[in-house]
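Below is one structure, written out as structure tokens, with a few remarks after it.
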There are 2 protein chains.
Amino acid sequence: MTHKRRSTLRDVARQAGVSVTTASQVVNGRSGGNIRISEATRQRVWEAVRTLGYTPNASARSLRTRKTNLLAVLVPDIANPFYPQLIRGVQQVASAEGYDLLVYDADDHPQREKAFVEAILQRQVDGVIMVPFFLQDEDLERITRANIAVAVMSGAPSMIPGVDVLKVDDTAALSGLINHLIAKGHRRIAHLSGTLNTIAGRGRFKGYRRALKEAGIPYDQRLVGIGNFRADCVPGLIEQLFAPDHPAPTAIFAANDVMAIAAIYALKRRGLRVPEDVAVCGYDNIPEAAAMIPALTTIDQNMQQEGRMLARLLVERLGSPTRLPERAVPFEFRLVIREST
Amino acid sequence: MTHKRRSTLRDVARQAGVSVTTASQVVNGRSGGNIRISEATRQRVWEAVRTLGYTPNASARSLRTRKTNLLAVLVPDIANPFYPQLIRGVQQVASAEGYDLLVYDADDHPQREKAFVEAILQRQVDGVIMVPFFLQDEDLERITRANIAVAVMSGAPSMIPGVDVLKVDDTAALSGLINHLIAKGHRRIAHLSGTLNTIAGRGRFKGYRRALKEAGIPYDQRLVGIGNFRADCVPGLIEQLFAPDHPAPTAIFAANDVMAIAAIYALKRRGLRVPEDVAVCGYDNIPEAAAMIPALTTIDQNMQQEGRMLARLLVERLGSPTRLPERAVPFEFRLVIREST
DNA sequence: TTGGTATGGTAAAACGTTACAGCAGAAACG
DNA sequence: CGTTTCTGCTGTAACGTTTTACCATACCAA
């Protein structure tokens, strides 16, 4: 069975008895400048559009206008509840502005991030939003050189021309969190780190060390477990932290909520109570954090709103006729103290 | 600052001293049929590609070939941990096959599902994968008429020509689950339903009623709370279920894990123990289900693998020169009994 | 009349690819 | 040596839009 050809603007024009140009102008709702079309022809064109079931061909349009109306978003691990929230936020403004969204899940593999770069270059997307874990500045520059707008969420605001960044400056929040633990009397505070070759992983680790230093607590290597932001690594790390060769921690700061929650369960399975025996806190404030028992103390970054902000930076840049200077927007953090500490 | 033009196939051809046609053939790695190109020319073309940093323009290519290499996936609620897993599965095979992925989060709004249809029609995506909650058969037909391959995950296998379906026939699993509860001695089994105008919501509700009937347990309207698949509705529903005007349930079957987990916490906050006082089970087997305490009894549908299967159905259909008949692939369920029952 | 200026349109050339048909030259064959 | 058959390549026409420049007519003022 051969499919009947999808109707084009030419068909519409013929049907309405006008030129292709006119049909195009009507469909695109042009009116400014010296484009004038009588109400009567408008009607006829729309009528033809309706009877033929015409839908514009996005490829042709993009080819001509050099605009794809496509945004891409790269996340390190879509299974982490943090990122779907971010994506939702991005999608809300993207779709309100007429953009569709390409989503790439790097699944924590560096080469998938690289592949992302290649893909968007071919696709000629209008803009990208990324939470890069492995990509270097040179990769970003390659993208901007291809005239693609970029907004990144990052802790290292390495000002690349034309790249907007949502600046994750969580020093204050991290200090607040650690100080909160200290105020509760904790001295042996452990850290479950994220992947350390990522910016977020390093940032949180550094924040932990800095806050300890400020409080005059010596750093103890045995109280740090190097993890990967995922739940699966946690049981093993807890094992290490509570090894009998050194005094056990009384509090744990995990690099994200996913690990913190996993830690709480691991502790419970060892017969330890949270927060009575060990206090636990996380980072992200994912939905589960508020719901669980004990409710998790954490740092909130309202991911949905962050997504919206990133998308907004992007569409502003895209909408502007002149080349905007890059911006660094700091993002608000909130220390959310709940039952787990 | 005006950007330097991105180089095209013409530039490559000129640089390599060959025709555009030849350049195209080399880049696309054509060799079959009567296309023959000497090794020497090949080298020169690739050399030119490299020095010019040439990247094919996807829009132009799509326009010409009528293939976008784009797949779209529609999910009802990306914040439900079930769907990111599905998306990941889809992406794994999609990207292995050279497709990029458009993701649409309906956020539980019917009109966003409608918008999805419009979007993919314009985009001329090659195929779509959907978990439609509100869309009707006629919407699907509209999509197939536009020559777009469709694979849906659905419990109502309404055989539309050209639409593959991953058939969610969970009757056996549901019976197994309820029978497990009955075997444990439960008679007053409550149900926290999902949104009832969705296929999944109705299906699970029906399964619950059927299983009760088979077991000879009378249906009690007061043991059913109409929910929405999200955690936020649960506390109120628990309130109702345990209202003093009727005997309280001793077991709860929630329409998905997200609600089941919320229910467990709501019960704990009321001072009830799970499973000693009330047994709770869910549906989906999201990652949290295994990790939490008490670990959740649930029905596993291995979402990542489902995503892979859906994507595979699609790419097979796309790869086939002849029009394949629609297929209905049943999907395996597994009753996962853990600590919560 | 002449010229100027709105008004409502149209023709043709892009945008960057790929598909199709064809065409030289060399080699093979009788 | 004439014909056929490979080999390796090229020219041109699409694909469906939007943009630019231009063209009729009609109307109005001088």
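Any value given below was found using the heavy atoms of this structure, including those in side chains, with hydrogens, waters and symmetry copies removed. What you see is a predicted model; the values in this text were computed from it and never measured. Each chain gets a letter, A, B and so on, in the order the sequences are listed, and its residues count up from 1.
- Helix bend of the helix from C/dT1-D/dA30 to C/dG30-D/dC1: the angle between its two end axes, each built from five pairs, comes to 60° after rounding to 10°.
- Following rounding to the nearest Å, B/K67 (NZ) and D/dG16 (C1') show an atom-to-atom distance of 20 Å.
- Atoms CD (B/Q124) and C1' (D/dT17) sit 13 Å apart, rounded to a whole Å.
- Remark: A/S38 is not in phosphate contact with C/dG8, judged by side-chain N or O atoms under 4.0 Å from OP1 or OP2.
- Legend: residues meeting ring-ring contact (aromatic ring centres under 6.0 Å, His included) with A/F116, ordered by chain and number and at least two apart, are A/Y104.
- Side-chain contact of A/R112 with B/Q91: a donor-acceptor pair under 3.5 Å is present, judged by distance alone.
- Donor-acceptor pairing under 3.5 Å is lacking for the side chains of B/T21 and B/S24.
- Considering every non-hydrogen atom in both B/E113 and B/A106, the closest pair reads CG-CB, 3.7 Å.
- Using a 4.0 Å heavy-atom criterion, one finds that A/S62 contacts no nucleic acid atom at all.
- At a cut-off of 3.5 Å, with distance as the only test, a side-chain donor of B/T22 or B/S19 sits close to an acceptor on the other residue.
- Rounded to a whole Å, the CZ atom of A/R36 is 17 Å from the P atom of D/dT25.
- Side-chain contact annotation: A/N28 with A/R61, donor-acceptor N/O pair under 3.5 Å present.
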Note to self: Please evaluate residues B/L102 and A/L101 with respect to the criterion side chain to side chain contact (heavy atoms under 4.5 Å, CB included), reporting the C-alpha separation (whole Å), side-chain torsions for both, the decisive distance (0.1 Å), and the verdict.
What the structure shows: CA-CA 6 Å; B/L102 284 167; A/L101 206 61; 5.5 Å; no
Margin query: One character per nucleotide, please: for nucleotides 13-19 of chain C, 5' to 3', B when the base has a protein heavy atom closer than 4.0 Å, S when only the sugar-phosphate does, - otherwise.
Written below: BBBBBBB
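- If you check the side chains of B/E118 and B/Q122, you find no donor sitting under 3.5 Å from an acceptor.
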